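Every number for a ligand or one of its atoms is a count from 1 in the order of the listing. Keep in mind that what you see is a predicted model, and the values were worked out from it rather than measured.
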Amino acid sequence: MFSQSDFRPRCAKWLIATGLFLMLSACVDKPTTLERVKEDGVLRVVTRNSPATYFQDRNGETGFEYELVKRFAEDLGVELKIETSDNMDELFDEMQKPGGPVLAAAGLIDTENRRKQVRFSRPYLDVTPQVIYRNGQSRPTDANDLVGKRIMVLKGSSHAEQLAALKLKNPAIEYEESDAVEVVDLLRMVDEGQIDLTLVDSNELAMNQVYFPNVRVAFDLGEGRQQRWAVALGEDNSLLNEINSFLDKVQKNGTLQRLKDRYYGHVDVLGYVGAYTFAQHLQERLPKYEKYFQTSAKKEQVDWRLLAAIGYQESLWQPSVTSKTGVRGLMMLTQNTAQAMGVTNRLDAKQSIQGGAKYFAYVKDQLDDKIKEPDRTWFALASYNIGSGHLEDARKLADNEGLDPNKWLDVKKMLPRLSQKKWYSKTRYGYARGGEPVSFVANIRRYYDILTWVTQPQLEGSQIAESNLHVPGVNKVKPPEESPPL
Ligand code: BLG
C-alpha cells in the first residue's frame, strides 16, 4: 500500500512527463506555416490582375509581383499557385480564411486599417500616390481642389483610406469607392471624362500612361510610400521571416533591381505625344504588316510582338524610310545585312521583315551561352543595332569594372563609353555610338510591353477591333494638347 507521501512525488513526475509529452506532441502536430508550405509543396499567393502585378500574356503568366513571388517559391522549392481577387476587400478576406492563401503579393501599402487584418513584410518598391485628371480640364493642385469633383477609387484601397482621412478634415470632399473596377478602368474613365479624378500609385500610372494619352498627374497626394507583401495576422513568423530574408537577398544580389528595371525602368520613354502617336500607329499602320511579323516570327521562333516592336523603333512601321547613313526599310537593314539575309529589295516591307527577323534570330543565337533570358533578348537587340563586335567590347569593359558581362543592367552602363576616346581607344572594335543601343533597347522593351498587353488573350473576342489589337480607350483618343510634362 502506498502512503500519500509515496504517491505525491510519483504522481507529480507522471504529470510532468505527461505534460511534456502533450507539449511535444502539440509541437509535432502543429507544423509552422513555413513547414506546412514545404510539406504541401505549394505556395498559395493572392494578387490582383493588373499590368503592374499579374496578368496573362500569350507566353503565360507575367507581371512584377508574379516574377518576384515566383522566385520566392523557387527558393522554397515549392510550386507557386496564384489566385486573384476582384477587389481589395476580397483579397483581405481571403487572407483571413483558414486554409486560404498564405501570402498576398499585390502591390500593397502598409496602412493602419490593414494592420488589423494582416502583417507586412519589409518593403520592396517605393511609390507615390498621385491624383490623376484629364488633360484640358483645370488642373487641381491640392486637396482643397478635390471638392466638387467626381472622384472614384478602388474599394478598400489605400487611396480610399487617404480620401477618408481628407474627408474628415474637409467633409465637402465626395468620392466613390468601386469594387467593380481595376486601376486601368479608373484611368480609362478619367481619360474618357466619365469621372473627373482618380488616385493611383505612380508605378501603375507609369505602366498605363501609354494607353490613356489624356490622363495627367495633377499632384502627388502625400509622401512616397512603400509596397510590401502581407501574411495572415496569426502567422507564426516562420513565413514572414523567410519572406524578409528573401527580399533582403534579392535586394542585395540585384534581382530586385533587375525586375524593377524590366517592369518600370523604361516606362516613361514615350511621353504624352509618343503615347498618342503610338496608339494611332497601332491602329493605322500595324494591321498592314501584322501578318508578315507573325509569319516571320513563327519561322525564326521569335515573339511576333518583339519583331513588331523592333519595326516600330526602326521606322515607325514605314517601309520606305532611309537613314542618313543609307540604312533602309521597315527593319532598317544595312546593305551588308540585307545581302547576307537574302533581301533583294530593302524597301519591300515583307522582305525587310523577313530579313530583320532572320538577322535578329541569328545575332541572338551567336550570343554567349552564359547570357540568359530575359537579358539574352536585350543583348540580341543591342547587337542588332550596334553589331556584335562593339557589344563584345562593352561586355569586356563591364568585366574589367567588376560588373557582370552577362547582365543587361550592367552592360548598358558601359555601352555609352564606346563613344569616349578614353575608353574606346582601349577596345578591339573602337568607336561606336554606344548610347544608341541603350535607348534602342529601352524603347523596344516599352513597345513590346504595350503590344504584349494589347494582344493578351483576355482582351480577345468582343473587345477586339478589326485586327486582333485592342488599345483600351484609344478609339476615343484626341490629339494631345500642350501640358506640363510628368
Ligand atoms: C546595324 C546593323 C548591324 C551592324 C550595325 O548596324 O544597323 N543591323 C542591321 O542591319 C539590322 O548588322 O553590325 S555589324 O554588321 O556588326 O557592323 C553596326 O554597323 C540599324 C543599325 C544601324 C542603325 N539602325 C538597325 O538597328 C541606323 O540606322 N543608324 C543610322 C542612324 S542615322 O539616322 O543615320 O544617324
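Counting only heavy atoms of the protein, atom 2 (C) of ligand 1 lies nearest to Tyr384 O, 3.5 Å. The nearest protein atom to atom 26 (O) of ligand 1, hydrogens excluded, is given as Glu314 OE2, 2.5 Å; this is a heavy-atom distance. Scanning all protein heavy atoms for the shortest distance to atom 15 (O) of ligand 1 gives Tyr359 OH, 4.0 Å. Nearest to atom 6 (O) of ligand 1 among the protein's heavy atoms is Asn385 O, 3.4 Å. Nearest non-hydrogen protein atom to atom 7 (O) of ligand 1 is Thr334 CG2, 3.6 Å.
Under a cut-off of 6.0 angstrom, the local environment of CD in Gln335 is sparse, with at most 12 non-hydrogen atoms contributed by other residues, nucleotides or ligands. Heavy atoms of other residues, nucleotides or ligands lying less than 6.0 angstrom from NZ of Lys413 number more than 12. Annotation: Lys426, atom NZ; neighbour count of heavy atoms from other residues, nucleotides and ligands within 6.0 Å is above 12.
Between Arg258 and Glu67, no side-chain nitrogen of the basic residue sits less than 4.0 Å from a carboxylate oxygen of the acidic one, so the salt-bridge criterion is not met. No salt bridge links Lys364 with Glu300; every basic N to acidic carboxylate O contact stays at or beyond 4.0 Å. Look at Asp375 and Lys372 and you find no salt bridge, because none of the NZ, NE, NH1 or NH2 atoms lies under 4.0 Å from a carboxylate O.
Distances from atom 19 (O) of ligand 1 to the protein include no heavy-atom value under 4.0 Å. Within 4.0 Å of atom 12 (O) of ligand 1, at least one protein heavy atom is present.
Contacts between Phe440 and ligand 1, counted as non-hydrogen atom pairs separated by less than 4.0 Å, involve the side chain only. Of all the heavy atoms of Thr337, the ones lying under 4.0 Å from any atom of ligand 1 belong exclusively to the side chain. With a heavy-atom cut-off of 4.0 Å, Asn336 does not touch ligand 1 at all. For Val327, every heavy-atom contact with ligand 1 shorter than 4.0 Å involves the side chain, none the backbone. Contact annotation: for Glu436 versus ligand 1, heavy atoms closer than 4.0 Å belong to the side chain alone. The proximity of Arg433 to ligand 1, defined as any non-hydrogen pair under 4.0 Å, is limited to the side chain.
The closest side-chain heavy-atom distance from Glu314 to Phe440 is below 4.5 Å. The shortest side-chain heavy-atom distance between Leu367 and Arg376 falls under the 4.5 Å cut-off.
There is a side-chain donor-acceptor pair under 3.5 Å between Tyr54 and Glu61. For Trp304 and Glu290, the side-chain atoms include no donor-acceptor pair closer than 3.5 Å.
Considering backbone and side-chain N/O of Ser383, none are found under 3.5 Å from N/O of ligand 1.
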Between Phe278 and Trp317, is a ring pair (Phe, Tyr, Trp, His ring centres under 6.0 Å) present by the stated rule, with each step listed? CA-CA 10 Å; Phe278 183 83; Trp317 296 320; 5.8 Å; yes
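With ligand atoms numbered from 1 in the order given, ligand 1 contributes 10 (O), 11 (C) to contacts under 4.0 Å with heavy atoms of Leu333. Within ligand 1, counting atoms from 1 as listed, the ones closer than 4.0 Å to a heavy atom of Ser323 are 28 (O), 30 (C), 33 (O), 34 (O). Ligand-side atoms of ligand 1 in range of Met332: 9 (C), 10 (O), 11 (C), 20 (C), 25 (C), range being under 4.0 angstrom from any heavy atom. Under a 4.0 Å criterion applied to the non-hydrogen atoms of Thr325, ligand 1 contributes the atoms 30 (C), 34 (O).
The backbone N or O of Tyr362 lies less than 3.5 Å from no partner atom in the side chain of Asp365, so there is not a single donor-acceptor pair.
Of the listed residues (Gly387, Gly329, Gly355), the one carrying the non-hydrogen atom nearest atom 16 (O) of ligand 1 is Gly387.
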